[in-house]
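What follows is a set of notes on a single structure, which appears directly below.
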Amino acid sequence: MSEQVGFLTMGATAEAAGPVPTIGIGMLGYAFMGKAHSNAFRTIPYMIRPLAAMPRMVALCGRNREAVTAAATRFGYEKVYLDWREMLKDDSIQLFDNGGPNNVHAEPTIAAAEAGKHVLCEKPLGRTAKESKQMLDAVRKAGVKHMCAFNYRFVPAVRQAKALLERGALGRIYHFRARYLQEWGNSPDVAQWRYHADTAGSGALGDLGAHIIDMARFLIGEPTEVSALTATFITERDDPGGAGRKHVDVDDAFEAIVRFANGAVGTLEATRFAPGRKNHNCFEINGELGSISFDLEDMNHLEVHLPGLDDKDVQGFRKVLVSESIHPFWQHWWPQGHIIGWEHTFIHEVNHLLEAIVGNHDVAPYGADFVDGYRNAVICDAIIESAREGRRVAIRYED
Ligand SMILES: NC(=O)c1ccc[n+]([C@@H]2O[C@H](COP(=O)([O-])OP(=O)(O)OC[C@H]3O[C@@H](n4cnc5c(N)ncnc54)[C@H](O)[C@@H]3O)[C@@H](O)[C@H]2O)c1
(Lines give C-alpha, C1' and ligand atoms only; values in the text may rest on other atoms or scores of the structure.)
Protein backbone atom coordinates (compact mmCIF):
# COMPACT_ATOMS: atom_id res chain seq x y z
CA MET A 1 0.00 0.00 0.00
CA SER A 2 2.78 2.43 0.92
CA GLU A 3 4.46 1.56 -2.40
CA GLN A 4 1.30 2.54 -4.24
CA VAL A 5 1.19 5.93 -2.50
CA GLY A 6 4.86 6.45 -3.39
CA PHE A 7 4.19 5.65 -7.02
CA LEU A 8 1.32 8.13 -7.22
CA THR A 9 3.44 10.87 -5.67
CA MET A 10 6.23 10.24 -8.18
CA GLY A 11 3.73 10.37 -11.03
CA ALA A 12 2.41 13.72 -9.85
CA THR A 13 5.94 15.10 -9.59
CA ALA A 14 6.85 13.93 -13.07
CA GLU A 15 4.01 16.01 -14.55
CA ALA A 16 4.71 18.98 -12.23
CA ALA A 17 5.16 21.28 -15.25
CA GLY A 18 1.39 21.18 -15.53
CA PRO A 19 -1.14 19.63 -17.84
CA VAL A 20 -0.25 19.34 -21.51
CA PRO A 21 -2.66 20.08 -24.35
CA THR A 22 -4.58 17.23 -25.89
CA ILE A 23 -4.45 16.72 -29.67
CA GLY A 24 -7.19 14.61 -31.21
CA ILE A 25 -5.99 12.17 -33.88
CA GLY A 26 -7.95 10.91 -36.89
CA MET A 27 -6.08 8.10 -38.63
CA LEU A 28 -6.76 6.81 -42.16
CA GLY A 29 -5.66 3.22 -42.72
CA TYR A 30 -5.01 0.49 -40.22
CA ALA A 31 -2.68 -1.91 -42.02
CA PHE A 32 1.10 -1.50 -42.08
CA MET A 33 1.52 2.24 -41.55
CA GLY A 34 -1.76 2.74 -39.69
CA LYS A 35 -0.51 0.23 -37.14
CA ALA A 36 2.99 1.77 -36.93
CA HIS A 37 1.64 5.30 -36.43
CA SER A 38 -1.01 4.18 -33.94
CA ASN A 39 1.66 2.40 -31.94
CA ALA A 40 3.56 5.70 -31.84
CA PHE A 41 0.56 7.66 -30.56
CA ARG A 42 0.00 5.05 -27.86
CA THR A 43 3.62 4.96 -26.75
CA ILE A 44 4.30 8.70 -26.62
CA PRO A 45 2.47 9.44 -23.33
CA TYR A 46 4.18 6.47 -21.70
CA MET A 47 7.77 7.16 -22.79
CA ILE A 48 8.32 10.70 -23.98
CA ARG A 49 9.40 13.28 -21.39
CA PRO A 50 8.83 16.15 -21.42
CA LEU A 51 5.50 15.39 -23.03
CA ALA A 52 4.48 18.16 -25.46
CA ALA A 53 0.96 16.92 -26.07
CA MET A 54 -1.31 14.09 -25.07
CA PRO A 55 -2.45 12.35 -28.26
CA ARG A 56 -6.12 11.46 -28.00
CA MET A 57 -6.86 8.63 -30.40
CA VAL A 58 -10.24 9.83 -31.56
CA ALA A 59 -11.02 7.91 -34.72
CA LEU A 60 -9.78 5.32 -37.19
CA CYS A 61 -11.03 5.32 -40.79
CA GLY A 62 -11.34 2.31 -43.08
CA ARG A 63 -13.83 0.92 -45.56
CA ASN A 64 -14.78 -2.37 -43.94
CA ARG A 65 -16.78 -1.86 -40.74
CA GLU A 66 -15.88 -5.16 -39.14
CA ALA A 67 -12.16 -4.90 -39.87
CA VAL A 68 -11.80 -1.24 -38.95
CA THR A 69 -13.76 -1.75 -35.72
CA ALA A 70 -11.52 -4.65 -34.74
CA ALA A 71 -8.42 -2.54 -35.48
CA ALA A 72 -9.78 0.48 -33.59
CA THR A 73 -10.46 -1.67 -30.55
CA ARG A 74 -6.98 -3.14 -30.66
CA PHE A 75 -5.16 0.16 -31.28
CA GLY A 76 -7.27 2.13 -28.77
CA TYR A 77 -9.36 4.50 -30.92
CA GLU A 78 -12.67 5.81 -29.56
CA LYS A 79 -14.68 5.42 -32.77
CA VAL A 80 -14.52 4.45 -36.43
CA TYR A 81 -15.51 6.10 -39.70
CA LEU A 82 -16.11 4.34 -43.01
CA ASP A 83 -15.60 7.53 -45.04
CA TRP A 84 -12.75 9.97 -44.47
CA ARG A 85 -15.05 12.85 -45.47
CA GLU A 86 -17.22 12.11 -42.43
CA MET A 87 -14.16 11.81 -40.20
CA LEU A 88 -12.95 15.25 -41.27
CA LYS A 89 -16.19 16.78 -39.94
CA ASP A 90 -15.31 15.58 -36.45
CA ASP A 91 -14.37 18.63 -34.35
CA SER A 92 -12.52 16.55 -31.79
CA ILE A 93 -9.85 15.77 -34.42
CA GLN A 94 -7.03 18.32 -34.77
CA LEU A 95 -4.49 16.12 -36.57
CA PHE A 96 -5.31 14.02 -39.64
CA ASP A 97 -2.84 11.17 -40.18
CA ASN A 98 -2.90 9.62 -43.65
CA GLY A 99 -1.62 6.03 -43.79
CA GLY A 100 -3.51 5.15 -46.95
CA PRO A 101 -2.06 4.01 -50.29
CA ASN A 102 -0.56 6.69 -52.52
CA ASN A 103 -3.75 7.31 -54.53
CA VAL A 104 -5.53 8.15 -51.25
CA HIS A 105 -2.96 10.76 -50.19
CA ALA A 106 -3.88 13.96 -52.03
CA GLU A 107 -7.65 14.29 -51.82
CA PRO A 108 -8.17 13.49 -48.10
CA THR A 109 -5.04 15.38 -47.03
CA ILE A 110 -6.03 18.51 -48.95
CA ALA A 111 -9.56 18.27 -47.55
CA ALA A 112 -8.17 17.88 -44.02
CA ALA A 113 -6.02 21.00 -44.41
CA GLU A 114 -9.00 22.90 -45.77
CA ALA A 115 -10.95 21.78 -42.69
CA GLY A 116 -8.19 23.39 -40.55
CA LYS A 117 -6.59 20.16 -39.38
CA HIS A 118 -2.85 19.64 -39.10
CA VAL A 119 -1.70 16.86 -41.42
CA LEU A 120 0.75 13.98 -41.40
CA CYS A 121 0.93 12.12 -44.70
CA GLU A 122 2.88 9.01 -45.53
CA LYS A 123 5.49 9.13 -48.28
CA PRO A 124 5.59 9.54 -51.21
CA LEU A 125 3.57 12.71 -50.71
CA GLY A 126 1.68 12.50 -54.03
CA ARG A 127 1.96 10.15 -56.99
CA THR A 128 3.66 12.89 -59.04
CA ALA A 129 5.32 16.25 -58.43
CA LYS A 130 2.18 17.95 -59.75
CA GLU A 131 -0.04 16.19 -57.23
CA SER A 132 2.47 16.83 -54.44
CA LYS A 133 2.55 20.54 -55.31
CA GLN A 134 -1.24 20.71 -54.97
CA MET A 135 -0.87 19.26 -51.48
CA LEU A 136 1.87 21.74 -50.58
CA ASP A 137 -0.21 24.66 -51.85
CA ALA A 138 -3.19 23.48 -49.79
CA VAL A 139 -1.34 23.25 -46.48
CA ARG A 140 0.34 26.63 -47.04
CA LYS A 141 -3.01 28.25 -47.81
CA ALA A 142 -4.63 26.67 -44.76
CA GLY A 143 -1.73 27.59 -42.46
CA VAL A 144 -1.70 24.17 -40.80
CA LYS A 145 1.35 22.15 -39.72
CA HIS A 146 2.39 19.55 -42.25
CA MET A 147 4.70 16.58 -42.14
CA CYS A 148 5.62 14.00 -44.78
CA ALA A 149 6.49 10.74 -43.05
CA PHE A 150 10.13 10.24 -43.93
CA ASN A 151 10.73 8.35 -40.72
CA TYR A 152 14.38 7.47 -41.32
CA ARG A 153 15.32 11.02 -40.34
CA PHE A 154 14.34 9.84 -36.86
CA VAL A 155 16.80 6.96 -36.51
CA PRO A 156 19.28 7.98 -33.78
CA ALA A 157 22.28 6.88 -35.90
CA VAL A 158 21.01 8.86 -38.89
CA ARG A 159 20.52 11.94 -36.73
CA GLN A 160 24.01 11.43 -35.33
CA ALA A 161 25.33 11.34 -38.91
CA LYS A 162 23.50 14.61 -39.53
CA ALA A 163 25.12 16.14 -36.44
CA LEU A 164 28.59 15.07 -37.63
CA LEU A 165 27.95 16.61 -41.05
CA GLU A 166 26.56 19.82 -39.55
CA ARG A 167 29.69 20.34 -37.51
CA GLY A 168 31.91 19.68 -40.52
CA ALA A 169 33.46 16.50 -39.15
CA LEU A 170 33.79 15.08 -42.68
CA GLY A 171 34.97 18.33 -44.29
CA ARG A 172 34.14 18.73 -47.95
CA ILE A 173 31.76 16.02 -49.13
CA TYR A 174 32.74 14.01 -52.22
CA HIS A 175 30.34 11.05 -52.39
CA PHE A 176 26.88 9.97 -51.27
CA ARG A 177 25.83 6.48 -52.30
CA ALA A 178 22.64 4.88 -51.11
CA ARG A 179 20.84 1.61 -51.73
CA TYR A 180 17.42 0.45 -50.65
CA LEU A 181 17.03 -3.24 -51.43
CA GLN A 182 14.14 -5.59 -50.63
CA GLU A 183 13.29 -9.04 -51.99
CA TRP A 184 9.53 -9.48 -51.94
CA GLY A 185 8.89 -8.40 -55.55
CA ASN A 186 10.80 -11.41 -56.82
CA SER A 187 7.67 -13.54 -56.87
CA PRO A 188 5.12 -13.32 -59.69
CA ASP A 189 2.38 -14.18 -57.19
CA VAL A 190 2.59 -10.94 -55.21
CA ALA A 191 -0.31 -8.63 -56.14
CA GLN A 192 -0.50 -5.16 -54.57
CA TRP A 193 -1.53 -1.58 -55.23
CA ARG A 194 2.23 -0.88 -55.32
CA TYR A 195 2.54 -2.36 -58.86
CA HIS A 196 0.27 0.06 -60.67
CA ALA A 197 0.71 3.72 -61.54
CA ASP A 198 -2.92 4.64 -60.90
CA THR A 199 -2.60 3.61 -57.25
CA ALA A 200 1.14 3.99 -56.58
CA GLY A 201 2.49 6.62 -58.99
CA SER A 202 5.84 4.89 -59.39
CA GLY A 203 7.20 1.53 -58.21
CA ALA A 204 10.37 0.84 -56.24
CA LEU A 205 11.22 4.49 -56.91
CA GLY A 206 8.43 6.10 -54.86
CA ASP A 207 8.23 3.20 -52.45
CA LEU A 208 11.90 2.71 -51.50
CA GLY A 209 13.78 5.26 -53.57
CA ALA A 210 11.86 8.15 -52.02
CA HIS A 211 13.44 7.26 -48.66
CA ILE A 212 17.03 7.41 -49.93
CA ILE A 213 16.30 10.54 -51.96
CA ASP A 214 15.15 12.08 -48.68
CA MET A 215 18.35 10.89 -46.98
CA ALA A 216 20.39 12.48 -49.78
CA ARG A 217 18.62 15.84 -49.41
CA PHE A 218 18.64 15.69 -45.58
CA LEU A 219 22.32 14.81 -45.23
CA ILE A 220 24.04 16.24 -48.32
CA GLY A 221 21.75 18.92 -49.76
CA GLU A 222 19.94 19.56 -53.00
CA PRO A 223 20.72 17.54 -56.13
CA THR A 224 21.00 19.55 -59.33
CA GLU A 225 20.81 16.81 -61.97
CA VAL A 226 20.14 13.09 -62.35
CA SER A 227 20.74 10.42 -64.93
CA ALA A 228 18.82 7.18 -64.49
CA LEU A 229 17.64 3.80 -65.69
CA THR A 230 14.53 1.92 -64.60
CA ALA A 231 13.56 -1.72 -65.12
CA THR A 232 10.36 -3.74 -64.82
CA PHE A 233 11.16 -7.45 -64.56
CA ILE A 234 7.66 -8.92 -64.21
CA THR A 235 5.24 -7.10 -66.48
CA GLU A 236 1.90 -8.66 -65.48
CA ARG A 237 0.42 -9.53 -62.09
CA ASP A 238 -2.98 -10.18 -60.58
CA ASP A 239 -5.11 -7.08 -60.08
CA PRO A 240 -5.21 -6.47 -56.31
CA GLY A 241 -8.91 -5.66 -56.71
CA GLY A 242 -9.57 -9.13 -58.12
CA ALA A 243 -10.21 -8.01 -61.73
CA GLY A 244 -8.01 -10.57 -63.45
CA ARG A 245 -4.51 -9.87 -64.73
CA LYS A 246 -3.16 -6.33 -64.84
CA HIS A 247 -0.19 -4.79 -66.65
CA VAL A 248 2.62 -3.66 -64.32
CA ASP A 249 3.26 -0.08 -65.43
CA VAL A 250 5.75 0.97 -62.75
CA ASP A 251 9.43 0.27 -62.16
CA ASP A 252 10.62 -2.78 -60.22
CA ALA A 253 14.04 -1.14 -59.84
CA PHE A 254 15.96 2.02 -60.64
CA GLU A 255 19.60 3.10 -60.79
CA ALA A 256 20.51 6.78 -60.76
CA ILE A 257 23.60 8.93 -60.65
CA VAL A 258 23.28 12.34 -59.06
CA ARG A 259 25.19 15.61 -58.87
CA PHE A 260 24.65 17.81 -55.81
CA ALA A 261 24.76 21.60 -55.59
CA ASN A 262 27.74 21.39 -53.20
CA GLY A 263 29.81 19.53 -55.81
CA ALA A 264 29.37 16.03 -54.37
CA VAL A 265 28.37 13.19 -56.67
CA GLY A 266 26.38 10.12 -55.79
CA THR A 267 24.45 7.02 -56.71
CA LEU A 268 20.96 5.96 -55.72
CA GLU A 269 19.57 2.49 -56.24
CA ALA A 270 16.39 0.70 -55.17
CA THR A 271 14.81 -2.63 -56.01
CA ARG A 272 12.31 -5.16 -54.74
CA PHE A 273 14.25 -7.91 -56.53
CA ALA A 274 17.24 -8.47 -54.28
CA PRO A 275 16.83 -11.99 -52.80
CA GLY A 276 18.18 -12.13 -49.29
CA ARG A 277 17.90 -8.38 -48.74
CA LYS A 278 15.10 -7.84 -46.25
CA ASN A 279 15.21 -4.11 -45.63
CA HIS A 280 18.69 -3.08 -46.76
CA ASN A 281 18.36 0.70 -46.57
CA CYS A 282 21.88 2.02 -46.39
CA PHE A 283 24.14 4.89 -47.28
CA GLU A 284 27.81 5.81 -47.23
CA ILE A 285 29.24 9.31 -47.27
CA ASN A 286 32.88 10.06 -48.10
CA GLY A 287 34.42 13.42 -47.31
CA GLU A 288 37.91 14.91 -47.17
CA LEU A 289 38.24 14.16 -43.42
CA GLY A 290 36.58 10.74 -43.29
CA SER A 291 33.55 8.63 -44.02
CA ILE A 292 30.35 7.43 -42.38
CA SER A 293 28.17 4.49 -43.26
CA PHE A 294 24.72 3.31 -42.11
CA ASP A 295 22.57 0.22 -42.68
CA LEU A 296 18.99 0.06 -41.38
CA GLU A 297 19.33 -3.69 -40.79
CA ASP A 298 21.84 -2.77 -38.08
CA MET A 299 20.15 0.48 -37.17
CA ASN A 300 21.65 1.15 -33.74
CA HIS A 301 25.14 1.39 -35.24
CA LEU A 302 26.88 4.06 -37.25
CA GLU A 303 30.13 3.11 -38.94
CA VAL A 304 32.66 5.91 -38.85
CA HIS A 305 36.14 6.46 -40.18
CA LEU A 306 37.47 9.74 -38.82
CA PRO A 307 41.27 9.43 -38.89
CA GLY A 308 41.74 12.85 -37.31
CA LEU A 309 40.13 11.54 -34.13
CA ASP A 310 41.80 8.12 -33.99
CA ASP A 311 45.32 6.99 -33.30
CA LYS A 312 47.20 6.14 -36.51
CA ASP A 313 47.37 2.43 -35.66
CA VAL A 314 43.61 2.00 -35.17
CA GLN A 315 42.38 3.62 -38.34
CA GLY A 316 39.64 2.26 -40.59
CA PHE A 317 35.89 2.00 -40.11
CA ARG A 318 34.65 1.25 -36.62
CA LYS A 319 31.11 0.63 -35.41
CA VAL A 320 29.74 3.11 -32.91
CA LEU A 321 26.73 1.95 -30.92
CA VAL A 322 24.51 5.03 -31.01
CA SER A 323 22.75 4.50 -27.69
CA GLU A 324 24.37 6.85 -25.17
CA SER A 325 22.20 9.34 -23.31
CA ILE A 326 24.01 12.10 -25.27
CA HIS A 327 22.90 10.61 -28.59
CA PRO A 328 19.80 11.85 -30.44
CA PHE A 329 16.44 10.72 -28.99
CA TRP A 330 18.08 8.60 -26.30
CA GLN A 331 16.81 10.77 -23.47
CA HIS A 332 13.47 8.99 -23.95
CA TRP A 333 14.76 5.42 -23.79
CA TRP A 334 16.94 3.03 -21.87
CA PRO A 335 20.42 2.83 -20.36
CA GLN A 336 23.10 2.65 -23.07
CA GLY A 337 23.27 -0.53 -25.10
CA HIS A 338 19.60 -1.38 -24.50
CA ILE A 339 18.84 -0.90 -28.14
CA ILE A 340 15.71 0.30 -29.92
CA GLY A 341 13.99 -0.76 -33.14
CA TRP A 342 12.34 0.33 -36.37
CA GLU A 343 9.01 1.20 -34.73
CA HIS A 344 10.73 3.80 -32.55
CA THR A 345 11.42 5.96 -35.62
CA PHE A 346 7.69 6.63 -35.84
CA ILE A 347 7.49 7.53 -32.15
CA HIS A 348 10.23 10.15 -32.64
CA GLU A 349 8.64 11.36 -35.86
CA VAL A 350 5.11 11.77 -34.53
CA ASN A 351 6.38 13.37 -31.34
CA HIS A 352 8.34 15.88 -33.44
CA LEU A 353 5.09 16.86 -35.16
CA LEU A 354 3.18 17.17 -31.87
CA GLU A 355 5.95 19.45 -30.56
CA ALA A 356 5.71 21.60 -33.70
CA ILE A 357 1.93 21.91 -33.30
CA VAL A 358 2.09 22.80 -29.62
CA GLY A 359 5.14 25.07 -29.95
CA ASN A 360 3.84 26.59 -33.20
CA HIS A 361 7.13 26.06 -34.99
CA ASP A 362 8.02 24.47 -38.32
CA VAL A 363 8.44 20.73 -38.79
CA ALA A 364 11.47 21.51 -40.98
CA PRO A 365 14.44 21.35 -41.03
CA TYR A 366 14.80 18.16 -38.98
CA GLY A 367 11.42 16.73 -39.82
CA ALA A 368 10.32 16.41 -43.44
CA ASP A 369 7.44 18.70 -44.35
CA PHE A 370 5.41 19.01 -47.54
CA VAL A 371 8.17 21.08 -49.17
CA ASP A 372 10.40 18.05 -48.71
CA GLY A 373 7.61 15.79 -49.97
CA TYR A 374 7.15 17.95 -53.06
CA ARG A 375 10.89 18.25 -53.82
CA ASN A 376 11.27 14.51 -53.37
CA ALA A 377 8.52 13.98 -55.96
CA VAL A 378 10.28 16.35 -58.38
CA ILE A 379 13.40 14.18 -58.12
CA CYS A 380 11.36 10.99 -58.60
CA ASP A 381 9.74 12.49 -61.71
CA ALA A 382 13.19 13.54 -63.01
CA ILE A 383 14.49 9.98 -62.57
CA ILE A 384 11.55 8.62 -64.57
CA GLU A 385 12.01 11.28 -67.24
CA SER A 386 15.74 10.59 -67.48
CA ALA A 387 15.17 6.85 -67.80
CA ARG A 388 12.43 7.31 -70.40
CA GLU A 389 14.33 9.80 -72.56
CA GLY A 390 17.85 8.51 -72.08
CA ARG A 391 19.34 11.83 -71.03
CA ARG A 392 20.40 13.78 -67.97
CA VAL A 393 17.61 15.81 -66.35
CA ALA A 394 18.06 19.00 -64.31
CA ILE A 395 16.23 19.26 -60.99
CA ARG A 396 13.99 22.33 -60.90
CA TYR A 397 11.66 23.13 -58.02
CA GLU A 398 8.70 25.45 -58.31
CA ASP A 399 8.00 26.10 -54.65
N1 LIG B 1 7.51 5.27 -43.87
C2 LIG B 1 7.66 3.98 -44.19
O3 LIG B 1 8.63 3.35 -43.82
C4 LIG B 1 6.59 3.30 -44.98
C5 LIG B 1 6.52 1.90 -45.02
C6 LIG B 1 5.47 1.31 -45.72
C7 LIG B 1 4.55 2.10 -46.37
N8 LIG B 1 4.67 3.45 -46.35
C9 LIG B 1 3.68 4.30 -47.05
O10 LIG B 1 2.49 4.26 -46.26
C11 LIG B 1 1.35 4.28 -47.11
C12 LIG B 1 0.49 3.07 -46.79
O13 LIG B 1 1.26 1.90 -47.03
P14 LIG B 1 0.91 0.54 -46.26
O15 LIG B 1 2.05 -0.36 -46.49
O16 LIG B 1 0.46 0.83 -44.86
O17 LIG B 1 -0.33 0.08 -47.15
P18 LIG B 1 -1.39 -1.02 -46.78
O19 LIG B 1 -1.93 -1.48 -48.08
O20 LIG B 1 -0.79 -2.00 -45.83
O21 LIG B 1 -2.49 -0.18 -45.98
C22 LIG B 1 -3.30 0.79 -46.58
C23 LIG B 1 -4.48 1.07 -45.66
O24 LIG B 1 -5.30 2.08 -46.25
C25 LIG B 1 -6.66 1.66 -46.20
N26 LIG B 1 -7.39 2.33 -47.28
C27 LIG B 1 -7.19 2.20 -48.62
N28 LIG B 1 -8.04 2.99 -49.28
C29 LIG B 1 -8.80 3.62 -48.35
C30 LIG B 1 -9.86 4.55 -48.42
N31 LIG B 1 -10.32 5.02 -49.58
N32 LIG B 1 -10.40 4.99 -47.25
C33 LIG B 1 -9.95 4.53 -46.07
N34 LIG B 1 -8.95 3.65 -45.95
C35 LIG B 1 -8.37 3.20 -47.07
C36 LIG B 1 -6.58 0.14 -46.34
O37 LIG B 1 -7.76 -0.49 -45.87
C38 LIG B 1 -5.38 -0.14 -45.43
O39 LIG B 1 -5.78 -0.18 -44.07
C40 LIG B 1 1.87 4.31 -48.54
O41 LIG B 1 1.86 5.62 -49.00
C42 LIG B 1 3.29 3.80 -48.41
O43 LIG B 1 4.15 4.34 -49.41
C44 LIG B 1 5.65 4.05 -45.66
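Remember, it's 1-based here, ligands and their atoms both numbered in the order they're listed.
Regarding atom 19 (O) of ligand 1, its nearest protein heavy-atom neighbour is Trp193 NE1, 2.9 Å. Among all protein heavy atoms, the one lying closest to atom 11 (C) of ligand 1 is Gly100 O, 3.2 Å. Ranking protein heavy atoms by distance to atom 18 (P) of ligand 1, first place goes to Ala31 CB, 3.8 Å. For atom 39 (O) of ligand 1, the closest heavy atom belonging to the protein is Tyr30 N, 3.0 Å. Among all protein heavy atoms, the one lying closest to atom 43 (O) of ligand 1 is Lys123 O, 2.8 Å.
Neither the backbone nor the side chain of Phe150 has any atom closer than 4.0 Å to an atom of ligand 1 (non-hydrogen atoms only). With a heavy-atom cut-off of 4.0 Å, Ala149 touches ligand 1 through its backbone alone. Of the heavy atoms in Asp83, none comes closer than 4.0 Å to ligand 1.
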Problem set entry | Step-by-step side chain to side chain contact (heavy atoms under 4.5 Å, CB included) determination, Leu60 to Leu28 | CA-CA 6 Å; Leu60 186 63; Leu28 185 152; over 6 Å; no
Problem set entry | Trace of the side chain to side chain contact (heavy atoms under 4.5 Å, CB included) decision for Ile347 with Trp333 | CA-CA 11 Å; Ile347 299 168; Trp333 302 106; 3.8 Å; yes
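An N or O contact shorter than 3.5 Å links Asn102 to ligand 1 by distance. Considering backbone and side-chain N/O of Met33, one or more are found under 3.5 Å from N/O of ligand 1.
Heavy-atom separations between His105 and ligand 1 include at least one value shorter than 4.0 Å.
Residues satisfying the ring pair (Phe, Tyr, Trp, His ring centres under 6.0 Å) test with Tyr174, not counting sequence neighbours, are none.
Here the SG atom belonging to Cys148 is positioned 11.5 Å from the CG atom belonging to Leu353, to the nearest 0.5 angstrom.
Arg272 pairs with exactly one of Asp252, Asp207, Asn186 by the side-chain hydrogen bond (donor to acceptor under 3.5 Å, both in side chains) rule, that one being Asp207.
Looking at His37, Gln192, His211, Arg63, it is His211 that brings a heavy atom closest to atom 2 (C) of ligand 1. For the residues Cys121, Pro101, Gly29, the heavy atom positioned nearest atom 22 (C) of ligand 1 is part of Pro101. Counting only non-hydrogen atoms, the option in Met27, Arg194, Glu107, Glu349 that gets closest to atom 15 (O) of ligand 1 is Arg194.
Between Arg392 and Glu225, at least one side-chain N (NZ, or NE/NH1/NH2) sits under 4.0 Å from a carboxylate O, which counts as a salt bridge. The residues Arg177 and Glu269 are annotated as not salt-bridged, no charged nitrogen and carboxylate oxygen being separated by less than 4.0 angstrom. Salt bridge status for Glu288 with Arg172: absent, with no side-chain N to carboxylate O gap under 4.0 Å.
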Side chains of residues 113-121: which donor-acceptor partners sit under 3.5 Å, not counting sequence neighbours?
| residue | atom | partner | partner atom | Å |
| --- | --- | --- | --- | --- |
| Lys117 | NZ | Asp90 | O | 3.1 |
| Lys117 | NZ | Ile93 | O | 2.9 |
| His118 | ND1 | Lys145 | N | 3.0 |

